[in-house]
J.: 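Sending over a structure as structure tokens; questions will come in a sec.
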Amino acid sequence: MKLFISSDIEGTCGICNWDETQKGHPDYEYFAKQMSKEVAAVCSSALESGKIEDILIKDAHGTARNICPELLPEGVKLHRGWQGVPGAMMAGVEKGFDAVVMTGYHSAAYTEGNPLSHTTNLANQYVKINGNIASEFMINAYQAAYYEVPVIFVSGDQALCDRAHDVCPHIETACVSEGCGGASISIHPRTALNLLRQKMKEALGKDLSCYKIELPEHFHVEVEFKEFVKAQRSSFYPGAKREGTKCISFDADDYYEVLRFLFFVL
């Protein structure tokens with residue numbers, strides 16, 4: 001079977017400050033290494049199961065050049081850099097993959113589950129899909145569903161893991177931290193790696209069809225920006241509507257059109 005992994009950093013064990021996410025900052029190297037170890041733990045567990053033969057990892061944070069390749073098990077493939085396609089954090093996923101996993105994911109903008117809560121970037125107050133606050137997990141899980149690939153496992157902060165069940169009720173989760181205001185409380189980093197290995201094993205032990213997500217028939221998307229100028233510019237995207245000083249909306253039946261819209265306005 002073929003496995004696709006999308007990996008972010010703001011849901012990595014122990015992280016709590018933007019300095020820790022930025023390449024070139026002294027605090028960054030430790031968390032980039034932990035991000036790499038968490039991906040490696042999932043990969044090792046998947047390969048040891050004997051059910052996964054092919055793994056593609058998408059480095060999906062910032063520069064998309066965070067994961068240390070030498071920390072990964074042999075045989076996996078690593079997608080680095082930004083391809084420049086609407087798939088963004090899921091670039092490379094397509095029909096033919098058997099499962100999707102997301103590591104290091106975090107709570108959405110406008111929520112308080114993580115001191116680094118955001119959606120895609122820091123320019124928006126929130127993104128909503130059909131009235132629900134949309135995290136990067138939701139956006140990307142729907143993309144997997146668009147290609148009929150089940151999302152079987154996600155790791156990250158407690159609030160993100162709790163809300164992941166709203167999208168995929170049977171998904172396995174590994175909660176490695178909990179946001180508390182501008183701080184976070186995390187489990188030990190080695191405990192996190194063991195938890196990821198165990199949860200990945202459990203995810204693959206089930207009938208993968210239970211993880212499939214049914215997409216809505218129609219999508220109504222709202223984006224509220226922090227600056228009105230961004231809303232003004234984005235309102236010129238074909239089909240977008242200005243809903244207020246800082247808010248725009250977009251409607252589509254085809255989820256790929258939602259991805260295209262978000263790719264250009266966020």
Side-chain angles (χ1 to χ4, degrees), residues 5-22 27-28 30-32 34-35 37-39 41-42 60-62 66 88-90 100-144 151-189 191-193 195-196 198-200 203 211 213 221-226 262 266:
I5 302 175
S6 175
S7 183
D8 206 353
I9 203 171
E10 289 92 355
T12 297
C13 183
I15 204 161
C16 73
N17 188 278
W18 289 110
D19 290 347
E20 297 165 347
T21 73
Q22 298 172 2
D27 294 341
Y28 164 82
Y30 169 82
F31 289 98
Q34 180 65 20
M35 174 187 180
K37 288 180 177 180
E38 292 183 10
V39 177
V42 169
H61 167 71
N66 309 278
M89 296 176 73
M90 299 287 284
V100 162
V101 167
M102 303 181 200
T103 65
Y105 268 58
H106 53 83
S107 291
Y110 209 71
T111 68
E112 56 183 4
N114 187 316
L116 308 179
S117 294
H118 69 284
T119 303
T120 303
N121 55 47
L122 301 181
N124 61 80
Q125 294 280 21
Y126 63 73
V127 177
K128 290 183 180 180
I129 297 178
N130 292 343
N132 298 309
I133 294 290
S135 63
E136 292 169 13
F137 169 80
M138 175 188 281
I139 293 168
N140 295 340
Y142 278 0
Q143 184 174 172
V151 183
I152 68 172
F153 173 47
V154 63
S155 71
D157 62 69
Q158 180 73 55
L160 182 278
C161 291
D162 290 344
R163 293 189 175 105
H165 290 101
D166 296 334
V167 178
C168 182
H170 300 290
I171 192 170
E172 291 291 342
T173 62
C175 308
V176 300
S177 68
E178 181 178 0
C180 44
S184 68
I185 300 173
S186 300
I187 61 178
H188 192 280
T191 302
L193 300 182
L195 179 62
L196 265 69
Q198 179 60 35
K199 289 295 184 177
M200 186 63 200
Y211 300 111
I213 299 167
V221 185
E222 297 177 32
V223 179
E224 181 171 291
F225 297 98
K226 294 180 179 179
L262 295 176
L266 290 182

J.: Is a donor on one side and an acceptor on the other found under 3.5 Å between the side chain of T12 and the backbone of I15?
T.: no

J.: Can F153 and V42 be said to form a side-chain contact (heavy atoms from CB on, under 4.5 Å), step by step?
T.: CA-CA 10 Å; F153 173 47; V42 169; 3.8 Å; yes

J.: Any chance you could measure F31, atom CZ, to C16, atom SG, to the nearest 0.5 Å?
T.: 6.5 Å

J.: In Å, rounded to the nearest 0.5 Å, how long is the span from CG of D157 to NE2 of H106?
T.: 8.5 Å

J.: Going by side chain to side chain donor-acceptor pair (under 3.5 Å), name the pairs with one or both residues in residues 168-178, residues two or more places apart or in two chains.
T.: E172-K206

J.: Say you draw a straight line from CD of E10 to CG of N17; how long is it, rounded to the nearest 0.5 Å?
T.: 11.5 Å

J.: I'd like to check I213 versus V167 (side-chain heavy atoms, cut-off strictly below 4.5 Å). Are they in contact?
T.: yes

J.: Are T103 and S155 linked by a side-chain donor-acceptor pair shorter than 3.5 Å?
T.: no

J.: Quick one: does K37's side chain have a donor or acceptor within less than 3.5 Å of a partner on L193's backbone?
T.: no

J.: Establish, from distance only, whether the side-chain atoms of Y105 and N140 form a donor-acceptor pair under 3.5 Å.
T.: yes

J.: Between N124 and Y110, does a side-chain hydrogen bond (donor to acceptor under 3.5 Å, both in side chains) hold up when you go through it step by step?
T.: CA-CA 9 Å; N124 61 80; Y110 209 71; over 6 Å; no

J.: When you compare the side chain of T21 with that of Y28, does any pair of heavy atoms fall below 4.5 Å?
T.: no

J.: Taking the side chain from T119 and the backbone from Y126, do they hold a donor-acceptor pair closer than 3.5 Å?
T.: no

